[in-house]
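Quick note: residue numbers are just sequence positions, from 1. The analysis underlying the following values was restricted to heavy atoms, covering all of them including side chains, and did not include hydrogens, waters or symmetry mates. Whatever order the structure lists ligands and atoms in, that order sets their numbers, starting from 1. Just so you know, these numbers come straight off a predicted model, no measurement behind them.
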Amino acid sequence: MKEAMQRLREASIQAILASESPDALENLRVKFLGKKGELTAILRQMGKLSAEERPIMGQLANQLRSDIEAAIDKRRGELSEALLERKLEQEALDVTLPGEKPHLGHKHPMYNVLDQIKEIFIGMGFEIVDGPEVELADYNFTKLNIEEGHPSREWTDTFYFTEDSRVLLRTQTSPMQIHAMEAKELPIRMIAPGRVYRKDEVDATHSPMFHQIEGMVIDKGVTMADLKATLNLVVEKIYGEGTVTRFRPHHFPFTEPSCEMDIQCHKCGGKGCPTCKGEGWIEVLGAGMVHPKVLAGCGIDPDVYSGWAFGMGLERLAMGEYKITDLRLIFENDVRFLEQF
Ligand code: DAH
């Protein structure tokens with residue numbers, strides 16, 4: 001029996017030292033010390049021993065059990081230490097290395113110009129409104145006094161969704177005038193910036209998608225003088241105090257009278273230069289007094305209320321402000337270009 005225990009001692013210690021995982025160790029513990037294990041099997045022989053031998057063998061067996069347990073604990077400690085060591089090695093991090101700078105973008109230059117314009121109008125008590133880019137021909141044309149058959153309704157100029165020419169991509173932000181008049185309490189002071197779409201070939205000054213800013217005021221006793229004063233103020237805020245403007249008569253179906261506003265070239269002071277293409281003046285927007293037919297169509301009594309409206313191109317404004325000579329640069333989103341602003 002003594003020899004059996006000695007064999008078990010050698011075999012178990014060897015197996016424990018060779019084991020490579022906590023699971024394997026647990027299996028060995030069961031194998032050697034478990035209820036059906038090898039030590040138990042040896043102890044079953046106790047009955048055959050004499051009364052003197054029994055306590056001696058019992059003591060030896062206890063010693064063996066605690067030695068095997070100690071060996072298992074020691075090996076378990078070694079294994080977990082080695083595991084930690086390996087983990088630390090794999091996850092090693094050199095905190096002295098310089099960090100990687102995240103590449104942050106910034107607002108598109110054209111939207112900086114838009115923000116500036118929004119600020120100016122908010123300061124004057126205007127509301128910023130947003131509306132659909134997929135629009136009904138009714139709102140894009142008819143309610144704006146642009147009758148059936150008008151050249152701007154042609155399929156060659158407008159992106160239509162339906163054969164019956166009822167649904168389209170808005171060609172201007174002016175339908176926002178109608179939406180505002182139909183939905184809002186009077187008086188109204190609003191601007192509506194957004195995308196518009198026309199069937200134009202792409203070149204240095206054209207794009208099938210571009211941005212406009214619509215503006216409108218409806219109240220009692222509003223006159224052309226209010227329109228001029230307001231727009232002059234806006235222009236001075238954008239281009240600096242004393243910027244000279246001129247208003248030329250023009251025609252738009254939804255305003256009467258209508259005009260276009262030019263600013264005197266801020267580069268050459270009106271003498272003519274490349275910025276103003278030698279004209280001395282730069283056209284910035286179309287405007288006018290909201291047509292009585294348009295007011296009445298939206299349920300507003302033109303004998304009581306009047307209003308003015310304007311529409312301007314945002315790209316053109318941004319190009320002027322940042323001296324960008326090709327419209328395509330605004331949309332191509334080449335970071336080498338955008339990073340300059
Ligand atoms: N919607 C016009 C265009 O796209 C611009 C315009 C002219 C807007 C006169 C207006 C306006 O509100 O009163 O050419």
Asks: Evaluate salt bridge (Lys or Arg N to Asp or Glu O under 4.0 Å) for Lys184 paired with Glu127, printing each intermediate quantity in order.
Replies: CA-CA 11 Å; Lys184 289 185 186 301; Glu127 188 185 346; 2.9 Å; yes
Asks: Counting only heavy atoms, which portion of Trp308 has something under 4.0 Å from ligand 1: side chain, backbone, both, or neither?
Replies: neither
Asks: Contact between Gln212 and ligand 1, counting heavy atoms under 4.0 Å?
Replies: yes
Asks: Under a 4.0 angstrom heavy-atom cut-off, which atoms of ligand 1 come close to Gln177?
Replies: 10 (C), 12 (O)
Asks: Compute the minimum heavy-atom distance from His250 to ligand 1 and say whether it is under 4.0 Å.
Replies: no
Asks: I need the nearest protein heavy-atom contact for atom 2 (C) of ligand 1: residue, atom name and distance, please.
Replies: Gln172 OE1, 3.6 Å
Asks: For Glu214, which part has a heavy atom under 4.0 Å from ligand 1: side chain, backbone, both, or neither?
Replies: side chain
Asks: Tell me if the CD atom of Gln340 is crowded by more than 12 foreign heavy atoms within 6.0 Å.
Replies: yes
Asks: Under the criterion salt bridge (Lys or Arg N to Asp or Glu O under 4.0 Å), I'd like the reasoning laid out for Arg75 against Glu78: C-alpha separation, chi angles, the key distance, then a yes or no.
Replies: CA-CA 5 Å; Arg75 182 68 187 149; Glu78 284 169 6; 2.8 Å; yes
Asks: Give the contacting part of Ala309 toward ligand 1: side chain, backbone, both or neither, where contact means a heavy-atom distance below 4.0 Å.
Replies: both
Asks: Answer side chain, backbone, both or neither: which part of Met176 comes under 4.0 Å from ligand 1, heavy atoms only.
Replies: neither
Asks: How long is the gap from CE on Met124 to NZ on Lys237, to the nearest 0.5 Å?
Replies: 7.5 Å
Asks: Side chains of Arg54 and Met46: does their closest heavy-atom pair fall under 4.5 Å?
Replies: yes
Asks: Please confirm whether His179 and Tyr139 have ring centers closer than 6.0 angstrom.
Replies: yes
Asks: Geometry only, no angles: is Gly215 polar-contacting ligand 1 at N/O separations under 3.5 Å?
Replies: no
Asks: Let me see the working for Asp157 and Arg198 under salt bridge (Lys or Arg N to Asp or Glu O under 4.0 Å), right down to the final yes or no.
Replies: CA-CA 6 Å; Asp157 296 335; Arg198 290 180 196 175; over 6 Å; no
Asks: Could you identify the single nearest non-hydrogen protein atom to atom 11 (C) of ligand 1 and state the distance to 0.1 Å?
Replies: Phe254 CE1, 3.5 Å
Asks: On a heavy-atom basis, I'd like to know which of Ala287, Gly313, Gly311, Cys259 is closest to atom 8 (C) of ligand 1.
Replies: Gly311
Asks: So do Lys35 and Thr40 actually touch side chain to side chain, heavy atoms under 4.5 Å?
Replies: no
Asks: Counting each atom of ligand 1 from 1 as listed, which ones have a heavy atom of Gly288 under 4.0 Å away?
Replies: 13 (O)
Asks: If the threshold is 4.0 Å, N to carboxylate O, is there a salt bridge linking Lys199 and Glu154?
Replies: no
Asks: Is there a heavy atom in Met289 that sits closer than 4.0 Å to ligand 1?
Replies: no
Asks: Measuring from the heavy atoms of Ser174, does anything fall under 4.0 Å of ligand 1?
Replies: yes
Asks: Above 12 or not: heavy atoms from other molecules or residues under 6.0 Å from NZ of Lys277?
Replies: no
Asks: What atoms in ligand 1 come closer than 4.0 Å to a heavy atom of Phe252?
Replies: 7 (C), 9 (C)
Asks: Within ligand 1, which atoms have a heavy atom of Arg198 less than 4.0 Å away?
Replies: 3 (C), 4 (O)
